[in-house]
Enquirer: 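Before I ask anything, let me first share the structure, which is written out below as structure tokens.
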Amino acid sequence: MSNVPMNPEQQDAVNTIYGPLLVLAGAGSGKTRVVTQRIVNILEQGVHPSEILGLTFTNKAAGEMKERVRQMTHHNVLICTFHSLGARILRESIQALGYQPGFTIYDEQDVEKIMKLCLSEINPSLKLDSKQFLGMVSNAKNNLLAPDEIDPKTLESDQLLFPEVYKRYQAKMMEYNAVDFDDLLYLTGRLFKLHPEMLEHYQKRWSFLLIDEYQDTNGVQYSIVNNLVSKHHNLCVVGDPDQSIYSWRGANVRNILDFELDYPKAKVVRLEQNYRSRGNILDASNHLIKYNSGRLEKNLWSDRGPGEKIKHYTADTEKSEAQFVAEKIAFHYDKGDVPLKEMAIFYRTNAQSRALEDRFLIHHIPYVIVGGVSFYQRKEVKDILAFLRVVHSGVDFVSFSRTINIPKRGIGDTTIEKIRLGASESGFSLVAYCESLVQGKPLSYPIKLSAKQKEALLSYLSILHELREIGKSCSLKELVKNTIERTGYLQYLKEDPESEQERKENLNGLVSKAMEWELSAENPTLEGFLEELSLKSSLDEADQSKDRVSLMTVHNGKGLEFDVVFLVGMEEDLFPHANSRDSEIAQEEERRLCYVGMTRAREYLYLCDVRQRFLWGTTRLQRPSRFLKEIPSQHIEKIRPSFYAKSPQPMGYREEVSHVDEDDDVEEPFSDEIHAETADIDRLAAGDTVFHQDFGIGVIKQAYQGSSGLMFKVFFTKDSRERTLVAKLARLKKL
DNA sequence: CAATCCTGATTTTTT
DNA sequence: ATCAGGATTG
């Protein structure tokens, strides 16, 4: 692709270096290439690499761009996410806002603890909804509003406490020297607003700014960007209003739509040639998005030929939907034209991945969930990171309370709360306060502790002390390793033998991450390591070396492309989601989301809907998504269930599958039943521990007569799931 | 006061 | 199905 000459519009964008520039980049229009080439051109003008700042929304996008620029110019240019820019600026300058240097970044779980604390302090009897208030705090911060800038008139009657809650929350976060995700932007915005001299400092540092996915910027981000460029106006923003899908996170499409009002001298370039998708896919997407009102009209075209029509399949249940996807994956894979890593399944909600996973496991289809529960969210990893944070900070309450009773020392919630209060009232850090307690020093707010508890505190503190010493003299990797060993964590893991092995492996993974980071970072401090991990999302862990299909939400698919794309769950109330039902604006965002999903596909696009789905606790009858009707039928080919009879079997699944009737209204294979061959079933009964080739060790919960003879319900410990197996086919070994 | 067991709610999307 | 919060027990 990089050999193909650029089209005139691309050249125009790439050669416009000074002044404001808006690049309206349709899906697949070669945006990344333009952005990187433009940076190369700026550098060729003699601009120093450190004067350029590129901002993206994901670490992945940032990493890719940075790498491409490096390869082309051998220069390192600062390209990072908005949040890591915030972290970088605050690490240098947060003291101006009254925080200590070396702040901790709290994730959602951490933050919820703080919010609950605040709410119970304000009124313990009132059952206030911490999630709701956190959402409001986030909203306020996204719009750069401080607690005392909240207009009470905008509040509902049940939200009148909000300004007080917000204020208390910020105070508490400051007390623990912690910031939340939104603070990384909000506090940076405040800093620029309250300290013009600081703003000037950063204005001087970066004279060329480039913002990717500008349609998804929110109020704070807008303010930060505009402040930074207000002197030189060398600002290039790239985006596509039709791909704005984060308004619920405060993103404002007006930022991109009004760019020409903000910068009347702005040059506007429209990239409308799509190099990615076949005609049928592209035309269908174009027609769908036309249903939205108030768009910036555009004409995205492709010269890649019409390609295959979009395939639409209506399944009976989510299980047969998964079955269909599995078979189609096998079809393309066996045909040999598409590797697994070039196929993706997109769904609207995370919960939908379950049915697909179950099916893929049975069919031995290698898959990866992109953006599911992150490695760094695992309990054991969070525990060790919390220890490291206490080692590093000593005032961080959430990490303190998380670790103080690991392993179990007999210090429960009540004692923790006493310590928190005592430390807070006497103005000590948590660790310093505990030290005074243990040493029997006089305190302004002493608390009573049993001898046993004092001893427990002492052992905790001595471990901390030890680790701090190690931190001073050893490498980061050694510190992490010692933290795992000396805290007694490995012993603690033995309490749950089921998960012990897996958790140990995850901790080993953490040690190697520490080592990797140490080798790659310019300045490998513990603080930097913790910051990097806080900002790292599960999206960034994807391992491209393995050939496997990707499963992800449509949101996570933004910015990616695949040869084959499946969009599943195309049903009313799911996609578009039920929560958008009574808002025209929200529905248009759902449509954009669908547009984003469709335009990820290069060669083949499959759309699936289901007649009956288990959703929100019950089985519901589903109606096909309106989006299916909005796509012109000439681009769609309906696939009917009889497809099963002719299709090849999925890989690794050559065994018996229930036959399919010739009828249209066929009964599809009951996919809950797992078939395999041989067994010595006579000796098996409920309560027996068994081994299955694919699912590992399990316990038979129930044996009963089913449609295919004797059936077993088996609970497998490996993934904590219960499966129904046909006894005479199940390859079970008694243990 | 801590640990364990049990119950009841709970799924939109995430840097 | 999983998890947080509550009640109970030790």
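Protein chains get the first letters and strands the later ones, always in sequence-line order, with residue 1 at the start of each.
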Enquirer: Where the side chain of A:Arg249 is defined as all heavy atoms beyond and including C-beta, which of B:dT12, C:dA1, B:dT14 is the nearest nucleotide?
Expert: B:dT14

Enquirer: Considering every strand and a 4.0 Å limit on heavy-atom distances, what is the contact class for A:Thr415: base, sugar-phosphate, or nothing?
Expert: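 Touches sugar-phosphate only.
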
Enquirer: Find every protein N or O atom lying less than 3.5 Å from an N or O atom of nucleotides 7-9 of chain C, and list the pairs.
Expert:
none

Enquirer: Are B:dT15 and A:Phe82 stacked, with the base six-membered ring and the side-chain ring centres under 5.5 Å apart and planes under 30°?
Expert: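 Base of B:dT15: not stacked against A:Phe82.
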
Enquirer: So A:Ile411, base contact, sugar-phosphate only, or nothing? Heavy-atom distance under 4.0 Å.
Expert: sugar-phosphate

Enquirer: Pair A:Ile411, A:Tyr460 - check side-chain contact (heavy atoms from CB on, under 4.5 Å), show working.
Expert: CA-CA 11 Å; A:Ile411 298 187; A:Tyr460 179 76; over 6 Å; no

Enquirer: Which listed nucleotide (B:dT11, B:dT15, C:dG5) is nearest to the side chain of A:Ala351?
Expert: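 Closest of the options to the side chain of A:Ala351: B:dT11.
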
Enquirer: Check every atom of B:dT15, B:dT13, B:dT4 against the side chain of A:Lys408 and return the nucleotide holding the closest atom.
Expert: B:dT4

Enquirer: Check the geometry between A:Phe181 and B:dT15 and answer yes if their rings are stacked (centres below 5.5 Å, planes below 30°), otherwise no.
Expert: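 Whether judged by distance or by angle, A:Phe181 passes, so it stacks on the base of B:dT15.
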
Enquirer: With a 6.0 Å cut-off on the ring centroids, do A:Tyr246 and A:His555 count as close?
Expert: yes

Enquirer: What is the distance, to the nearest angstrom, from the OH atom on A:Tyr106 to the C1' atom on B:dT14?
Expert: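 Distance check: A:Tyr106 OH to B:dT14 C1' gives 21 Å.
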
Enquirer: Just the rounded figure in Å: distance from P of B:dC1 to CD1 of A:Ile447.
Expert: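 Checked: the CD1 to P distance equals 10 Å.
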
Enquirer: Please report, rounded to the nearest Å, how far the C1' atom of B:dT14 is from the CG atom of A:Asn59.
Expert: 12 Å

Enquirer: Are A:His555 and B:dT13 stacked, counting the six-membered base ring, centres under 5.5 Å, planes under 30°?
Expert: no

Enquirer: Using heavy-atom distances to pick each residue's nearest nucleotide on DNA chain B, tell me which of A:Ser580 and A:Asp182 is more 5'.
Expert: A:Ser580

Enquirer: Can you measure A:Asn142 atom CG to B:dT15 atom P for me and round it to whole angstrom units?
Expert: 14 Å

Enquirer: What is the nucleic acid contact for A:Asn405, judged by heavy atoms within less than 4.0 Å: base, sugar-phosphate only, or nothing?
Expert: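 Answer is sugar-phosphate: A:Asn405 comes under 4.0 Å of backbone atoms only.
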
Enquirer: Does the ring centre of A:Phe627 sit less than 6.0 Å away from the ring centre of A:Phe575?
Expert: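 Ring centroids of A:Phe575 and A:Phe627 are less than 6.0 Å from each other.
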
Enquirer: Counting only heavy atoms not in A:Ile122 (residues, nucleotides, ligands), do more than 12 fall under 6.0 Å from its CD1?
Expert: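 Atom CD1 in A:Ile122 is packed in, count exceeds 12.
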
Enquirer: Does A:Thr349 offer a backbone N or O that forms a donor-acceptor pair with the side chain of A:Gln352 under 3.5 Å?
Expert: yes

Enquirer: Is a donor on one side and an acceptor on the other found under 3.5 Å between the side chain of A:Arg613 and the backbone of A:Val610?
Expert: no

Enquirer: Expressed in angstrom and rounded to an integer, what is the separation of A:Ile406 atom CD1 from B:dA2 atom P?
Expert: 15 Å

Enquirer: So that I can compare with my own list, what are the stems of DNA chain B, taken as at least three consecutive Watson-Crick or G-U pairs with distances under 3.5 Å?
Expert: B:1-10 with C:1-10

Enquirer: Mark yes or no for whether A:Asn177, through its side chain, and A:Asp396, through its backbone, hold a donor-acceptor pair below 3.5 Å.
Expert: no

Enquirer: Counting only side-chain nitrogens and oxygens, does A:Thr553 get under 4.0 Å of the OP1 or OP2 atom of B:dT14?
Expert: yes

Enquirer: Does A:Gln221 reach the main-chain N or O of A:Asn218 with its side chain, forming a donor-acceptor pair under 3.5 Å?
Expert: yes

Enquirer: Determine whether any donor atom in the side chain of A:His83 lies under 3.5 Å from an acceptor atom in the base of B:dT15, or the reverse, and answer yes or no.
Expert: yes

Enquirer: Would you give the length of the straight line joining atom CZ of A:Arg354 to atom CG of A:Leu551, rounded to the nearest 0.5 angstrom?
Expert: 12.5 Å

Enquirer: For B:dA2, take OP1 and OP2 only and decide whether either is under 4.0 Å from a side-chain N or O of A:Thr414.
Expert: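 For A:Thr414, the contact criterion (side-chain N or O under 4.0 Å from OP1 or OP2 of B:dA2) is met.
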
Enquirer: Between B:dT15 atom P and A:Tyr186 atom OH, what is the distance in whole Å?
Expert: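 So the two atoms are 23 Å apart, to the nearest Å.
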
Enquirer: Using atom CG of A:Asp107 as one end and atom C1' of B:dT14 as the other, report the distance to the nearest whole Å.
Expert: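 So the two atoms are 13 Å apart, to the nearest Å.
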
Enquirer: Does the side chain of A:Lys558 get closer than 4.0 angstrom to OP1 or OP2 of B:dT14 through an N or O atom?
Expert: no

Enquirer: Using a cut-off of less than 4.0 Å, is there contact between a side-chain N or O of A:Asn350 and OP1 or OP2 of B:dT13?
Expert: yes

Enquirer: Would you tell me if any nitrogen or oxygen in the side chain of A:Gln453 comes within less than 4.0 Å of OP1 or OP2 on B:dC1?
Expert: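 A:Gln453 to B:dC1 OP1/OP2: no side-chain N or O under 4.0 Å.
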
Enquirer: When the distance from CD1 of A:Ile245 to P of B:dT14 is rounded to whole Å, what number comes out?
Expert: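 Value for this atom pair: 9 Å.
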
Enquirer: Has the side chain of A:Thr403 got a donor or acceptor atom that lies under 3.5 Å from a matching backbone atom of A:Ser399?
Expert: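 Checked: pair present.
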
Enquirer: Strictly under 6.0 Å, is that where the ring centroids of A:Tyr169 and A:Tyr166 end up?
Expert: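 No.
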
